[in-house]
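What follows is a short report on a single structure.
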2 protein chains.
Amino acid sequence: MMSNSKLYKGSLTTIILKLLNEKDKMYGYEITQKVKELTKGELQITEGALYPALHKLEAEGLLDVEVAKVDNRLRKYYMLTEDGAKETVSKLTELESYIKTMQALVSPKFSLE
Amino acid sequence: MMSNSKLYKGSLTTIILKLLNEKDKMYGYEITQKVKELTKGELQITEGALYPALHKLEAEGLLDVEVAKVDNRLRKYYMLTEDGAKETVSKLTELESYIKTMQALVSPKFSLE
DNA sequence: TATATATGCATAAGAAAATTATGTATATAT
DNA sequence: ATATATACATAATTTTCTTATGCATATATA
């Protein structure tokens, strides 16, 4: 995670889960490139943040891993488990809620009801 | 800061600055109540997060402080400095950018250009 | 009258999630 | 030959929060 904003703290898990929800399996480096592409370079996921996050999600049983060798280089493909798919929905709901809450705080026109 | 979500990390400074941009001076406890009201209880700022954050903003020269005694109880009123007003604009721009970026990541229809 | 709740501040210990710096290794372009 | 891209990993440190605790006064309630 690297950007000029501190707001992304806490968002990495949500991002990983969402990407894996759209593409059934991805490897670490691929995730960093996809995020860079989707955000036009605005958000660069650092390896020091990404790999520990992937390991944690795997340890929690939200991701399964599958090792492959491509062009003589190692790749670790990650995919959502059933629990991971549920957690993705939950995280996306949280994100939506967060955005609404922040809009209510900073722009009165978005008041909550 | 206390809620069902972990996404609020990094948002507290933005919230404080924005509230002080709308009301020229506020004290800590008042900020916690205002946030609770605006978010319908969704977001509860804890004292352990708020007071250190206020002290840090003061140390950075973004806030000025003014002590008052009301009903025999102490209040520390905080207000934006000139730098604080500039930083508020910057933080709100960051928040807007964060929301757009996250929407681009989680909902393809909000792609960045 | 005792006691809980609200108001108002503060800090310390610990956890979570990043940043920054390293390290290893292969493939490809200059 | 050398830099850049691909691909993984971890360790030290920093930031920001949670949880717990402490002090003190005012007010509502049992």
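Order of the sequence lines fixes the chain letters, A, B, ..., with proteins taken first and strands second; residue numbering starts at 1 for each chain. Below, all heavy atoms of this structure are taken into account, side chains as well, without hydrogens, waters or symmetry copies.
For A:Tyr78, counting side-chain heavy atoms from C-beta on, the closest listed nucleotide (D:dA9, D:dT15, C:dG8) is D:dA9. Checked against C:dT20, D:dC17, C:dG8, the side chain of B:Lys9 finds its nearest nucleotide in D:dC17. Of the candidate nucleotides C:dT11, D:dC17, D:dT10, D:dC17 has the atom lying nearest to any side-chain atom of B:Leu12.
Within residues 53-73 of chain B, the residues that have a heavy atom under 4.0 Å from DNA chain C are, in order of number, B:His55, B:Arg73. Listed by residue number, B:Thr46, B:Gly48, B:Ala49 are the residues of residues 39-50 of chain B with a heavy-atom contact under 4.0 Å to DNA chain D.
For B:Tyr8, the ring-ring contact (aromatic ring centres under 6.0 Å, His included) criterion is met by A:Tyr98, not counting sequence neighbours.
A donor-acceptor distance shorter than 3.5 angstrom exists from the side chain of B:Thr81 to the backbone of B:Gly61, with no hydrogens or angles considered. One N or O on the side chain of B:Lys18 and one on the backbone of A:Val106 form a donor-acceptor pair closer than 3.5 Å. Of the possible donor and acceptor atoms, one in the side chain of A:Thr101 sits under 3.5 Å from a partner among the backbone N and O of A:Ser97. Judged by distance alone, with hydrogens and angles left aside, the side-chain atoms of A:Glu42 form no donor-acceptor pair with the main-chain N or O of A:Thr39 at under 3.5 Å.
Taking a pair to require two hydrogen-bonding distances under 3.5 Å in either a Watson-Crick or a G-U wobble arrangement, D:dT4 pairs with C:dA27.
The CZ atom of A:Arg75 sits 14 Å away from the P atom of D:dA9 (whole-angstrom rounding). In this structure, A:Leu7 atom CG and D:dT15 atom C1' are separated by 14 Å, rounded to whole Å. A straight line from OH of B:Tyr98 to P of C:dA18 spans 10 Å, rounded to a whole angstrom. Going from atom NZ of B:Lys36 over to atom C1' of C:dG8 covers 14 Å, rounded to whole Å.
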Walk me through it: do B:Gln103 and B:Ile99 pass the test side chain to side chain contact (heavy atoms under 4.5 Å, CB included)? CA-CA 6 Å; B:Gln103 282 174 333; B:Ile99 290 175; 3.8 Å; yes

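When each of A:Leu74 and A:Pro52 is assigned the nucleotide of DNA chain D with its nearest heavy atom, A:Leu74 is the one assigned upstream, toward the 5' end.
OP1 or OP2 of D:dA9 has not a single side-chain nitrogen or oxygen of A:Tyr51 nearer than 4.0 Å. Regarding contacts with the backbone of D:dA7, a side-chain N or O of A:Tyr27 is found under 4.0 angstrom from either OP1 or OP2. Proximity of A:Lys6 to the phosphate of C:dA18: no side-chain N or O atom is located under 4.0 Å from OP1 or OP2.
Residue A:Tyr78 is tested with A:Met26, A:Glu30, A:Glu58, A:Lys25 for a side chain to side chain contact (heavy atoms under 4.5 Å, CB included); the sole match is A:Glu58.
A:Leu19 has its side chain within reach of A:Leu38: a pair of non-hydrogen atoms, C-beta onward, lies under 4.5 Å apart.
Defined by atom type and a distance below 3.5 Å, a donor-acceptor pair is missing between the side-chain atoms of B:Thr14 and B:Glu94.
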